[in-house]
Amino acid sequence: VQANPPFLRLLAEMRNAVRNPQPGKSIVYWMRMGDLRIVDNRALAAASKQAVQDKIPLIVLFLLSPQDCLAHDMSKQRIDFVLRNLSEIKESLGGLNIPLFTVSHTPRHTVPLKVVSLLESFQCTRLFANIEYEVDELRRDLKVLALSKEKGVRPHYFHDRCIIEPGLIKTKDGRAHAVYSPYQKKWIAMLNESIDTYLEESPIPDANSSSIRQDSTFGPLCNTPLPHSVEGFELDPADRETMVKVWPAGSAVAQEILSRFLKTKARSSQLGTTDPLADGAEISNKKSRILMYAEKRDSGNQDTTSRLSPYLAAGVISPRECIRATMSLAGLKKVDAGRTTGIGRWVQELAWRDFYTNVLANFPRVSMGRPYQEKLANVRWEVNEEHLAAWKQGKTGIPIVDAAMRQLNTMGWMHNRMRMIVAMFLTKDLLLDWHLGEQYFMEQLIDGDLASNNGGWQWSASTGVDPAPYFRIFNPYTQSAKADPTGDYIRTYVPELKNLRGPELHNPPMKVADKLGYPRPIVVHAEVRERAIRRYQNPGQE
Ligand code: FAD
């Protein structure tokens, strides 16, 4: 069903928004969980420009709704990361004399009322925000739009999350694409045709004309303290320390990580404790990670990928900036998205991010518990709490699966190939419902993103757009040898196996496993593979 998805309704409703807002005393930019930066931020730049033009101050509002965090299964790691980034933003905005006003609000269904009452108290004339494409958030924004009309406030919503906004790339008959390659072909053609428009860098907010004096009506807002944590989402101090080290906050850090990805070699040691900025990896454009990306991206035993996903998911860096940086590295005026070059392959990953957001926006049912392939809605899943717990804890007895799940549990992040391996293992080998995996990932990931996570899970479960065919089931042992050829990845996260080498490491004989106190495999791959094929062939029956 593709009838009038909520993001199109929001865009249509904007045409009916208040034309001439009431005269007032402020402009408000509502910063959301996914746009945590002041650099290259479309709504913020537009809000600042308006404030300068109207000669009234700009206020940045951040509203935290613990119930929203709960409803989206947001991880403690992600919320902590949001708060750490907010603290950096507060400081940067402070330097520009722009206040960041943070408020926590519950229950979630009254968020629109709360926002509009805040707008009233700020005597706001116009509200600026970047669009969030998740269904609940779009419905919330539609309510805000209706309520602001009553108050004479004009809302302005912007597309900022993607390089090419949802809704623009369509099939010949005007529908949204459900297959990646034709989408990607149009994506690159459209981008290169209007490159200046799509990649235009938005200026940082103006420092002078819209600034607030400390003694003005809104001066006290500059001093509102930021929360250190959200009730129910507090991280253990040790976990927080790891997160601060592995995923430092701030746009400057994100830019540094991008630059190191473009200019430095991959490292293989100490994967578990890697501080993305520590280590003096040799600077060499010839061998930099992005240039080796096409060949090396699936190697979990080295940090061959950018590790920018937490920063992209929280909007600490803009995807446009990532693309611009690849163009300047290649010295090209057009974007390379070819499959053979490292730069091209990496750009394609950013296109996957746009693709899944486009899918979420156009087929919102995929994020509301439905499979994209409705014919697979009633696959009969196993119910096995022990298997689910073993998978979550990294105790399945299959080393690559266990290493990956333990990486997730310690770092709040997992390598892409490993995500595919563990997701395929849960849905095909264990035949457990993909929703359980999708939820557990969101609860643990620092880069949790509804569109990409749902897309990745439905790909692995063969229920999504452009999915893995249900009969092409990964063999975790052969995947292990390919994705971790040196064994460093498994040895880092599964210390019980740290003295094993070669094939024994990927599939330890029972006697060896018993001696090392490592579990025996909870299922036999060859047997359960057949079971999965039978179930998918006859959904609903055994
Ligand atoms: P790189 O390889 O450097 O790629 C650059 C960027 O492109 C990433 O940061 C990410 O923003 C984007 N990207 C890369 N691969 C994909 C992809 N397959 N789909 C969409 N975007 C992609 N990614 C998330 O950001 N959040 C999630 O919650 C998430 N859940 C996933 C769940 C499953 C089951 C699977 C198979 C994949 C999931 N991914 C998710 C996609 C991918 O695994 C991560 O984006 C990637 O591992 C992040 O590492 P990186 O930043 O080093 O990526």
Side-chain angles (χ1 to χ4, degrees), residues 34 72-75 77-78 81 161-163 180 183-184 246-247 254 257-258 260-262 266 271 274 276 288-290 292-294 296-300 302-319 321-323 325-326 337 342-360 367 404-405 407-408 411-427 434-468 474 479 483:
H72 286 305
D73 299 315
M74 217 170 262
S75 71
Q77 291 84 335
R78 173 80 196 269
F81 190 61
R161 187 184 296 182
C162 295
I163 293 155
Y180 175 71
Y183 170 89
Q184 191 256 321
V246 180
W247 307 112
I257 294 174
L258 171 64
R260 288 178 70 86
F261 175 62
L262 302 183
L271 286 166
T274 299
S288 74
R289 281 179 282 166
I290 193 166
M292 300 298 289
Y293 187 78
K296 295 277 187 188
R297 57 198 279 271
D298 285 336
S299 307
Q302 289 182 302
D303 64 340
T304 53
T305 66
S306 70
R307 300 196 178 202
L308 275 171
S309 53
Y311 301 89
L312 280 162
V316 182
I317 192 165
S318 93
E321 180 164 355
C322 295
I323 299 275
T326 64
I343 293 180
R345 271 319 277 259
W346 195 64
V347 167
Q348 286 202 5
E349 297 308 319
L350 294 169
W352 269 107
R353 182 176 175 271
D354 276 15
F355 176 64
Y356 280 140
T357 308
N358 195 46
V359 168
L360 173 80
S367 67
M405 294 307 291
Q407 177 177 40
L408 174 67
M411 278 179 80
W413 183 89
M414 195 194 285
H415 184 279
N416 180 59
R417 174 59 42 172
M418 308 305 167
R419 292 188 205 211
M420 292 160 79
I421 295 173
V422 302
M424 188 72 90
F425 182 79
L426 184 87
T427 54
W434 59 269
H435 295 93
L436 299 170
E438 182 192 24
Q439 181 179 355
Y440 187 68
F441 263 36
M442 285 306 275
E443 287 167 356
Q444 301 300 320
L445 282 171
I446 193 166
D447 66 14
D449 169 75
L450 183 53
S452 298
N453 194 44
N454 182 270
W457 274 97
Q458 293 224 39
W459 181 90
S460 310
S462 308
T463 60
V465 286
D466 210 357
F474 281 4
Q479 287 291 325

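Read the numbers this way: they start at 1 and go in the same order the structure lists the ligands and their atoms.
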Heavy-atom side-chain contact between [X] and [Y] under 4.5 Å:
X      : Y      : value
Trp346 : Ile323 : no
Thr304 : Met292 : no
Leu426 : Tyr440 : no
Pro319 : Leu312 : yes

For [X], take its heavy atoms, then give the atoms of ligand 1 lying under 4.0 Å from any of them.
X      : value
Met414 : 47 (O)
Tyr293 : 1 (P), 2 (O), 4 (O)
Trp413 : 48 (C), 49 (O), 52 (O)
Leu308 : 9 (O), 51 (O)
Gly448 : 28 (O)
Arg307 : 50 (P), 51 (O), 52 (O)
Leu350 : 6 (C), 7 (O)

Answer side chain, backbone, both or neither: which part of [X] comes under 4.0 Å from ligand 1, heavy atoms only.
X      : result
Phe261 : neither
Asn416 : both
Ser309 : both
Trp459 : neither
Arg297 : neither
Phe355 : neither

Polar contacts were defined as any N/O atom of the residue lying under 3.5 Å from an N/O atom of the ligand; does this apply to [X] and ligand 1?
X      : value
Gly456 : no
Ser306 : yes
Tyr356 : no
His415 : no

Spacing of [X] atom [atom1] and [Y] atom [atom2] [to the nearest 0.5 Å]:
X      : Y      : atom1 : atom2 : result
Met414 : Ser309 : CE    : OG    : 12.0 Å
Gln439 : Asn453 : CD    : CG    : 10.5 Å
Leu408 : Ile446 : CG    : CD1   : 11.5 Å
Leu308 : Ile257 : CG    : CD1   : 6.0 Å
Glu443 : Arg78  : CD    : CZ    : 14.5 Å

Of all pairs that satisfy salt bridge (charged side-chain N to carboxylate O under 4.0 Å, His left out), the ones with a partner from residues 447-456, not counting sequence neighbours: Arg419-Asp447
Nearest neighbour of atom 27 (C) of ligand 1 from the list Asp447, Ile257, Asn454, on a heavy-atom basis: Asp447
For [atom], grab the closest protein heavy atom and report residue, atom and distance to one decimal in Å.
atom                    : value
atom 28 (O) of ligand 1 : Asp449 N, 3.0 Å
atom 23 (N) of ligand 1 : Ser452 CB, 3.6 Å
atom 32 (C) of ligand 1 : Asn453 OD1, 3.3 Å
atom 13 (N) of ligand 1 : Glu349 O, 3.5 Å
atom 5 (C) of ligand 1  : Trp346 NE1, 3.2 Å
atom 17 (C) of ligand 1 : Trp352 CB, 4.0 Å
atom 40 (C) of ligand 1 : Arg419 NH1, 3.4 Å

Side chains of [X] and [Y]: do they bring a donor and an acceptor to under 3.5 Å?
X      : Y      : result
Arg289 : Gln302 : no
Gln458 : Thr463 : yes
Asn454 : Glu438 : yes

Sub-6.0 Å ring centroid separation between Tyr356 and Tyr183: no
Parallel, tilted or perpendicular: ring planes of Trp413 versus Trp247, cut at 30 and 60 degrees: tilted
